[in-house]
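Just so it is clear, the structure is predicted and the values come from calculations on it, not from any experiment. Just follow the structure's listing: the first ligand is 1, and inside any ligand the first atom is 1.
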Amino acid sequence: MEDYINTNQDHAGSLTSGSEMNDETFTNELIRHDWQTDEIVELLEMPLMELLYRAQTVHRQFHEDGSVQLASLLSIKTGSCPEDCKYCPQSAHYSKETGLEKESLLAIDDVLDKAKTAKDAGATRFCMGAAWRNVRDGKEFDQVVEMVKGVSDMGMEACVTLGMLSAEQAQRLKDAGLNSYNHNIDTSPEFYDKIITTRTFEDRLETISRVQQAGISLCSGGIIGMGESIRDRARMLEVLATLTPHPGSVPINALVPVAGTPMGERKRIDPIELVRMIATARILMPKARVRLSAGRQNLNDEAQLLCFMAGANSIFYGEKLLTTGNNDAEGDVSLIERAGLKTAT
Ligand code: SAM
Ligand code: DTB
Ligand code: SF4
């Protein structure tokens with residue numbers, strides 16, 4: 001594998017020099033979109049200290065301010081989703097076993113109240129999730145558009161995750177002030193149909209392309225701990241790191257095994273695997289916000305700090321993810337303070 005730093009210097013030297021080169025040109029020259037599976041596997045498997053060193057080197061180069069973004073999540077429409085994602089407590093396919101109560105779309109004012117509370121607690125991004133297979137035009141979508149406007153008017157980054165959407169719907173969300181659309185690829189193209197059978201990996205890529213075409217920042221990542229191989233993890237990261245542009249944010253989730261789902265009995269992954277995944281995502285996608293996402297409740301403070309060292313620079317903040325629990329906000333603020341990290345403003 002080529003040495004990352006040397007490659008960068010070669011690139012910079014051969015393309016621009018002296019006064020022609022500003023900071024923006026320089027950092028953009030360092031970003032690759034041609035990552036190969038084998039070199040990603042090599043990163044994922046290298047001695048941990050070497051991997052951390054490389055990831056931290058890239059992180060310092062691209063994220064000088066070292067801030068951690070606090071993103072709060074809210075499920076605006078919970079349960080009874082027609083998709084059969086094997087990890088998901090919101091799928092209608094497992095609702096008998098999970099006992100999850102379905103809820104209709106929350107009222108606009110209630111959502112904006114929650115956003116305001118999150119903002120007052122220090123969050124700068126508010127992510128709203130709906131358990132839909134796809135967005136349908138009509139009253140409910142109109143309401144979501146109003147929610148996006150409201151969050152954006154509060155001065156927070158607004159993000160939604162609503163399933164598949166058309167180019168026109170993406171444009172409406174963009175016009176309403178949407179900053180980011182979350183659409184995870186979840187795993188490798190090869191492992192995908194072991195996890196989800198009601199849509200294809202290609203369907204996922206189509207929505208991603210519509211989001212990017214509309215000029216919305218893409219938030220896309222996935223889950224580890226579902227029985228995938230290291231090569232599957234590498235392939236998942238490869239798909240993301242060969243997009244142009246790279247996703248603006250990359251959530252790395254550790255499976256939260258929820259009783260009643262087909263993945264409910266899976267053992268939780270070793271936190272070191274999560275650290276490796278985050279470090280590799282950081283090296284591959286230097287500018288992205290890499291978000292330490294679901295599964296954080298299973299990490300002690302020291303493991304979380306390793307994730308920050310590996311290049312994580314965002315967390316989900318607040319006691320709930322969508323339907324499952326998350327770390328308490330006080331503990332998060334305390335960890336950030338004790339480590340001398342600062343939060344994004
Ligand atoms: N329905 C939309 C979709 O699938 O794009 C949005 C909501 S969906 C719940 C958002 C993401 O949450 C999924 O893509 C998956 O990565 C993550 N997720 C869901 N259940 C999870 C679990 N049990 N453990 C970890 N991540 C999970
Ligand atoms: C993401 O990658 N993870 C978040 C957010 N994007 C939407 C969701 C995690 C959900 C965990 C299971 C639950 O709480 O239902
Ligand atoms: Fe539905 Fe999203 Fe859950 Fe899949 S992950 S079942 S699409 S809510």
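- Crowding of R133 atom CZ: a count of heavy atoms from other residues, nucleotides or ligands under 6.0 Å exceeding 12.
- Among I252, I223, T323, the residue whose heavy atom sits closest to atom 27 (C) of ligand 1 is I223.
- Ligand 3 places these atoms under 4.0 Å from at least one heavy atom of R199: 7 (S).
- With rounding to the nearest 0.5 Å, the separation of CD in Q143 from CD in E140 is 6.5 Å.
- Counting only distance, with no hydrogens or angles, the side chain of S209 and the backbone of L205 share no donor-acceptor pair below 3.5 Å.
- Side-chain atoms of L322 and T78, non-hydrogen and from C-beta on, never get closer than 4.5 Å to each other.
- T323 OG1, 2.6 Å is the protein heavy atom nearest to atom 15 (O) of ligand 2.
- By the 4.5 Å heavy-atom criterion applied to side chains, S72 and M156 are not counted as neighbours.
- Among protein atoms, those of element N, O or S found less than 2.8 Å away from atom 3 (Fe) of ligand 3 are C88 SG.
- With a 4.0 Å cut-off on non-hydrogen atoms, P251 does not touch ligand 1 at all.
- Each of E238, E190, E45, E273 was compared with R233 under the salt bridge (charged side-chain N to carboxylate O under 4.0 Å, His left out) criterion, and only E273 meets it.
- Between H183 and Y181, the angle of the ring planes lies from 30° to 60°, which puts this pair in the tilted group.
- Looking at atom 9 (C) of ligand 1, its nearest protein heavy atom turns out to be L322 CD1, 3.4 Å.
- Although no hydrogens or angles enter the test, the distance criterion places a donor-acceptor pair under 3.5 Å between the side chain of S314 and the main chain of Q69.
- Within a 6.0 Å sphere centred on CD of E319, other residues, nucleotides and ligands contribute more than 12 heavy atoms.
- If you look at V258 next to ligand 2, there are no close heavy atoms at all, none under 4.0 Å.
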Show your reasoning for whether side chain to side chain contact (heavy atoms under 4.5 Å, CB included) applies to S220 and I208.
CA-CA 8 Å; S220 189; I208 283 176; 3.8 Å; yes
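- Contact annotation for S293 and ligand 1: no heavy atom of the residue comes within less than 4.0 Å of the ligand.
- Heavy-atom contacts of P89 reach the following atoms of ligand 2: 15 (O) (cutoff under 4.0 Å).
- Distance screen at 4.0 Å: atom 2 (Fe) of ligand 3 has no protein heavy-atom neighbour inside the cut-off.
- Within the 4.0 Å heavy-atom cutoff, G221 does not count among the residues contacting ligand 2.
- Of all the atoms in ligand 1, the ones that sit under 4.0 Å from a non-hydrogen atom of A254 are 25 (C).
- V290 is connected to I269 through a chain of hydrophobic side-chain contacts under 4.5 Å among Ile, Leu, Val, Met, Phe, Trp and Tyr, so both are in one cluster.
- Annotation: N184 places an N or O atom under 3.5 Å from an N or O atom of ligand 1; distance criterion only.
- Electrostatic pairing of R172 and E168 does not count as a salt bridge here, judged by no charged N lying under 4.0 Å from a carboxylate O.
- Looking from atom 6 (C) of ligand 1 to the surrounding protein, the closest heavy atom is T161 OG1, 3.0 Å.
- Within the 4.5 Å cutoff, the side chain of N184 has heavy atoms near those of the P251 side chain.
- The protein heavy atom nearest to atom 8 (C) of ligand 2 is L322 CD1, 3.8 Å.
- Numbered from 1 in the order shown, with element, the atoms of ligand 2 that lie under 4.0 Å from a heavy atom of P251 read 2 (O).
- With 3.5 Å as the limit, one finds a donor-acceptor pair spanning the side chains of D84 and T197.
- How far CG of L70 is from CZ of F316: 11.5 Å, rounded to the nearest 0.5 Å.
- Under the 4.5 Å side-chain contact rule for hydrophobic residues, L274 and I272 do not share a cluster.
- Protein heavy atoms are absent from the space less than 4.0 angstrom from atom 12 (O) of ligand 1.
- Side-chain contact check for D120 and T117: no donor-acceptor pair (N or O, by modelled atom type) lies under 3.5 Å.
- Ligand-side atoms of ligand 2 in range of L321: 14 (O), range being under 4.0 angstrom from any heavy atom.
- The protein heavy atom nearest to atom 12 (C) of ligand 2 is T324 OG1, 3.6 Å.
- Below 4.0 Å from some heavy atom of W132 lie the following atoms of ligand 1, by number and element: 1 (N).
- Residues E39 and R32 are paired through a salt bridge, judged by an N-O separation under 4.0 Å between the basic side chain and the carboxylate.
- Between D186 and ligand 1, an N or O atom pair is found at a separation short of 3.5 Å.
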Might you work through the side chain to side chain contact (heavy atoms under 4.5 Å, CB included) test for F126 and K114, ending with a clear yes or no?
CA-CA 9 Å; F126 195 68; K114 299 264 193 209; 4.1 Å; yes
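- Taking 4.0 Å as the cut-off, C81 does not count as a neighbour of ligand 1 on heavy-atom distance.
- Proximity of K194 to S188: side-chain heavy atoms (C-beta onward) are nowhere separated by under 4.5 Å.
- Taking only nitrogen or oxygen atoms, main chain and side chain alike, Y87 reaches within less than 3.5 Å of ligand 1.
- The nearest heavy-atom contact from the protein to atom 10 (C) of ligand 1 is N182 OD1, 4.2 Å.
- Judged by the shortest distance from any of its heavy atoms, G295 lies outside the 4.0 Å radius around the atoms of ligand 1.
- Of the protein's heavy atoms, R204 NH2, 3.4 Å lies nearest to atom 3 (C) of ligand 1.
- The protein heavy atom nearest to atom 3 (N) of ligand 2 is N253 OD1, 3.0 Å.
- Between V256 and ligand 1, at least one N/O pair is under 3.5 Å apart.
- Of all protein heavy atoms, the one closest to atom 7 (C) of ligand 2 is L73 CD2, 3.8 Å.
- For the pair V256 and ligand 2, no heavy-atom separation below 4.0 Å is found.
- For the pair F316 and ligand 2, a heavy-atom separation below 4.0 Å is found.
- Of the N and O atoms on the side chains of Y87 and D186, at least one donor lies less than 3.5 Å from an acceptor on the other residue.
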